[in-house]
Amino acid sequence: QLHLVESGGGSVQAGDSLRVSCAASGDRSIYAMGWFRQAPGKEREFVAYITWSSVSTDYADSVAGRFFVSRDFAKNMLYLQMNGLKPEDTAVYYCAADTKKQTYYSGSVYSGVAYDSWGQGTQVTVAS
């Protein structure tokens, strides 16, 4: 497994922008990474995905066009740029890593079970 640490969460107003980051460390090669979020009383949901080498991305419909995922290959960093934030974006945001290529073999980047390493999460609160 990798050790993942998120940072950059906070409290903002609706319409603001925020960038959350995820630092990855460990001795596993990363195939892909994803962002998930969990709001109070709700199940964890997929937000965004990026392959580590080919820079292929995918987004949940609810954030497409507002959120942008990127990675710094040299620094082992993952980012999520969130623009036009809405109160419904309020959640704990988690980064996750796929070191076993399960997002490829399973054919799904949306399921959390395809990822083998998770961070502790960072809170994002959007006030109306």
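Nothing fancy with the numbering, it's 1 onward along the sequence.
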Nearest 0.5 angstrom please: [X] [atom1] to [Y] [atom2], how far?
X	Y	atom1	atom2	answer
Ser128	Gln13	OG	CD	8.0 Å
His3	Asn76	NE2	CG	12.5 Å
Ile30	Arg28	CD1	CZ	11.5 Å
Gln81	Leu18	CD	CG	8.0 Å
Leu4	Cys22	CG	SG	4.5 Å

In the structure I gave you, are the side-chain heavy atoms of [X] and [Y] within less than 4.5 Å of one another anywhere?
X	Y	result
Phe68	Asn83	yes
Asp58	Tyr110	yes
Lys100	Asp98	yes
Trp52	Tyr31	no
Met82	Asp89	no
Ser17	Arg19	no
Trp35	Leu78	yes

Is there a path of hydrophobic side-chain contacts, each under 4.5 Å between heavy atoms of I/L/V/M/F/W/Y residues, joining [Y] to [X]?
X	Y	value
Val92	Val126	no
Val69	Val63	yes
Phe67	Val109	no
Tyr59	Val124	yes
Trp118	Tyr93	no

task = Determine which pairs satisfy disulfide (SG to SG under 2.5 Å) with at least one residue from residues 96-128, sequence neighbours left out, and list them in order.
result = none
Shortest non-hydrogen separation from [X] to [Y] and the atoms involved:
X	Y	answer
Gln123	Thr125	NE2-OG1, 3.3 Å
Ala97	Leu2	CB-CD1, 3.9 Å
Ser111	Val113	OG-CG2, 2.9 Å
Ala14	Pro87	CB-CD, 4.2 Å
Met77	Tyr79	CB-OH, 3.4 Å
Arg71	Thr51	NE-O, 4.1 Å

query = Does Gln120 offer a backbone N or O that forms a donor-acceptor pair with the side chain of Glu6 under 3.5 Å?
reply = yes
task = Describe, in one word, how the ring planes of Phe36 and Tyr115 are oriented to each other, choosing from parallel (under 30°), tilted (30 to 60°) and perpendicular (over 60°).
result = perpendicular
Would you tabulate the side-chain donor-acceptor contacts of residues 43-50 under 3.5 Å, counting partners in other chains and residues two or more places apart, or write 'none'?
| residue | atom | partner | partner atom | Å |
| --- | --- | --- | --- | --- |
| Glu45 | OE2 | Arg37 | NE | 2.5 |
| Glu45 | OE2 | Arg37 | NH2 | 3.1 |
| Tyr49 | OH | Thr103 | OG1 | 3.4 |

